[in-house]
Colleague: 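Starting off with a structure, shown below.
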Amino acid sequence: DQQVKQNSPSLSVQEGRISILNCDYTNSMFDYFLWYKKYPAEGPTFLISISSIKDKNEDGRFTVFLNKSAKHLSLHIVPSQPGDSAVYFCAAGGGGSEKLVFGKGTKLTVNP
Amino acid sequence: DAGITQSPRHKVTETGTPVTLRCHQTENHRYMYWYRQDPGHGLRLIHYSYGVKDTDKGEVSDGYSVSRSKTEDFLLTLESATSSQTSVYFCAISGARETQYFGPGTRLLVL
């Protein structure tokens, strides 16, 4: 039973355009959500997070949107750059637990 | 970057042999985690620790054990390695508000 789902295994966009990565969750106890970026042969790196008390958090080119009623979050990258090509993992936590649950990842390719 | 190192970075071993992977942190964080990453499965939690000598199982703990005798070190042991344990293993530590920071990974091949 997947509690965090990233339904698109891959996404391809043109440089300069917007990249939108999606994530759905099922556990209403989750109150903290994170996005990680992973390059090949490296560990995942923390990108951006959002608490359930917010519906948007922005950091430079990266914005995360949270729709609690739909149990859906998305990561927007504007403008996309070739260096953004990586696997992006969505993660969720909360409910008093120090554990995170990760999605399976979406591989983003930004074409020059 | 969080001060996390993993050793070894690469290892090839044979089925049936014990293997120990080490995670070392310099951040004095309370929580440490071991994950494995496999194609089509994302990151799955093996075990985690919430303090010295305090550990608990994760989603895929069968065939693995852990120990934490010091705050800075978290060891993952494959008691008798199997080919299904061929994977990339990541250690993570927990900073503020559940944000976890990951090490560089250990690539393990079990022949």
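Naming convention: chains lettered A, B, ... in sequence-line order (proteins, then strands); numbering from 1 in each chain.
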Colleague: Start with the C-alpha distance between A:Lys99 and B:Asp56, add both sets of side-chain angles, then the distance that settles salt bridge (charged side-chain N to carboxylate O under 4.0 Å, His left out), and finish with yes or no.
Modeller: CA-CA 11 Å; A:Lys99 295 186 287 186; B:Asp56 205 349; 6.0 Å; no
Colleague: Report yes or no: does A:Thr106 contribute a side-chain atom to a donor-acceptor pair with the main-chain N or O of A:Ser10 at less than 3.5 Å?
Modeller: no
Colleague: With side-chain contact (heavy atoms from CB on, under 4.5 Å) as the test, would you mind laying out the steps for A:Leu73 and A:Val64 before giving the verdict?
Modeller: CA-CA 7 Å; A:Leu73 63 154; A:Val64 56; 4.1 Å; yes
Colleague: Can A:Asp84 and A:Arg61 be counted as an ion pair, charged N to O under 4.0 angstrom?
Modeller: yes
Colleague: Counting only non-hydrogen atoms closer than 4.5 Å, does B:Tyr35 touch chain A with its backbone (N, CA, C, O), its side chain (CB onward), both, or neither?
Modeller: side chain
Colleague: Under a 4.5 Å heavy-atom cut-off, does chain B meet the side chain of A:Thr45, its backbone, both or neither?
Modeller: neither
Colleague: Using the benzene-type ring in the case of Trp, are the ring centres of A:Tyr36 and A:Phe102 under 6.0 Å apart?
Modeller: yes
Colleague: Does B:Arg68 form a salt bridge (charged side-chain N to carboxylate O under 4.0 Å, His left out) with B:Asp54? I'd like the steps, not just the answer.
Modeller: CA-CA 7 Å; B:Arg68 191 168 177 201; B:Asp54 292 323; over 6 Å; no
Colleague: Kindly say whether the aromatic ring centers of A:Phe46 and B:Phe102 come within a distance under 6.0 Å.
Modeller: no
Colleague: Please list, in residue-number order, every residue in residues 36-49 of chain B that has a heavy atom less than 4.5 Å from any heavy atom of chain A; write 'none' if there are none.
Modeller: B:Gln37, B:Gly40, B:His41, B:Gly42, B:Leu43, B:Leu45, B:Tyr48
